[in-house]
Amino acid sequence: MTILTEPISHPPNEYRSRAPEFYGFVAWTSTSFLFVVYVFWALLPDEYIVRAGVEWYPNREWALLLPAWSMVVVLLTYFTYMALTIYGTPAFDEPSAVTDSRAQFPLKRVSKDPYDQETMFSSYAPYAHSEGNKTPQLELYDIPIELINRVLYTEDRRSEQE
């Protein structure tokens, strides 16, 4: 571990832009001012607003309608995104639900017997086992769904057929 003897130098202040600070201050003050005006418009009686020099202003029902409509728009936006996500999700029986265009499968030996797991396993054995403490120097591959289904959901059917 080394100890730093010199302090870390920062760039001089003359090169740093202070524009974000000004933009933030303007945004904060204008938002605060507009909120105060909104509250005064919503709560003050008409005579105080006219005495302040404002001759025309929107109807007071908009003081409730604007926040209510805003909340409805936000909720509809969430609902729309959820509905589009559900609509774009493939069904469970489609191959695109378990694989994609980037999947890489090794070439396998095909057997005529659909329950011949030995041929299926032996074609993928080099990709699943390592010898000793060595890591195999093979490319990475995805496990095909057929192999997963055969391991998880089939029993040894040969004993039933005999």
Side-chain angles (χ1 to χ4, degrees), residues 1-108 110 114 120-121 123-124 126-130 135-155:
M1 185 172 159
T2 59
I3 300 174
L4 294 175
T5 56
E6 297 179 19
I8 299 173
S9 63
H10 295 288
N13 287 337
E14 60 190 344
Y15 297 119
R16 195 182 78 168
S17 173
R18 295 183 60 148
E21 295 175 12
F22 293 121
Y23 293 146
F25 177 74
V26 168
W28 179 76
T29 53
S30 60
T31 304
S32 300
F33 175 74
L34 288 175
F35 178 71
V36 168
V37 169
Y38 170 78
V39 169
F40 282 159
W41 164 63
L43 300 178
L44 284 179
D46 291 337
E47 57 209 33
Y48 290 113
I49 296 175
V50 172
R51 197 179 311 159
V54 178
E55 295 179 13
W56 182 88
Y57 51 90
N59 194 348
R60 295 266 168 83
E61 69 184 14
W62 288 102
L64 293 176
L65 288 177
L66 285 176
W69 280 101
S70 300
M71 290 302 298
V72 168
V73 166
V74 167
L75 293 175
L76 282 176
T77 303
Y78 283 129
F79 176 76
T80 302
Y81 277 118
M82 287 189 315
L84 287 173
T85 302
I86 292 171
Y87 178 73
T89 303
F92 288 131
D93 58 349
E94 290 186 26
S96 62
V98 293
T99 188
D100 60 2
S101 62
R102 303 280 185 170
Q104 296 181 8
F105 299 113
L107 296 175
K108 63 179 180 176
V110 180
M120 182 90 167
F121 288 138
S123 64
Y124 293 107
Y127 306 100
H129 300 292
S130 62
T135 304
Q137 298 297 323
L138 301 170
E139 293 183 33
L140 292 177
Y141 289 101
D142 296 317
I143 300 173
I145 194 66
E146 298 93 19
L147 179 62
I148 294 171
N149 286 339
R150 286 185 184 186
V151 169
L152 293 178
Y153 303 116
T154 60
E155 299 173 11

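Worth knowing before you read on, the calculation uses all heavy atoms, side chains too, and leaves out hydrogens, waters and symmetry mates.
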Within the 4.5 Å heavy-atom criterion, are W62 and N59 side-chain neighbours or not? yes
Taking only residues two or more places apart in sequence, or in another chain, which ones meet D46 in a side chain to side chain donor-acceptor pair (under 3.5 Å)? Y57, R60
Taking all non-hydrogen atoms of both residues into account, name the closest pair between V26 and T29 and its distance. O-OG1, 3.1 Å
In terms of heavy-atom contacts, S30 and A27 come closest through OG-O, 3.2 Å
Report the residues that fulfil side chain to side chain donor-acceptor pair (under 3.5 Å) with E47, sequence neighbours left out, ordered by chain and then residue number. none
Looking at every non-hydrogen atom in both residues, tell me the closest pair between L44 and I49 and how far apart they are. O-CD1, 4.0 Å
Would you indicate whether the side-chain heavy atoms of P58 and W56 approach each other to under 4.5 Å? yes
With a 4.5 Å limit on heavy-atom distance, are the side chains of F40 and Y48 in contact? no
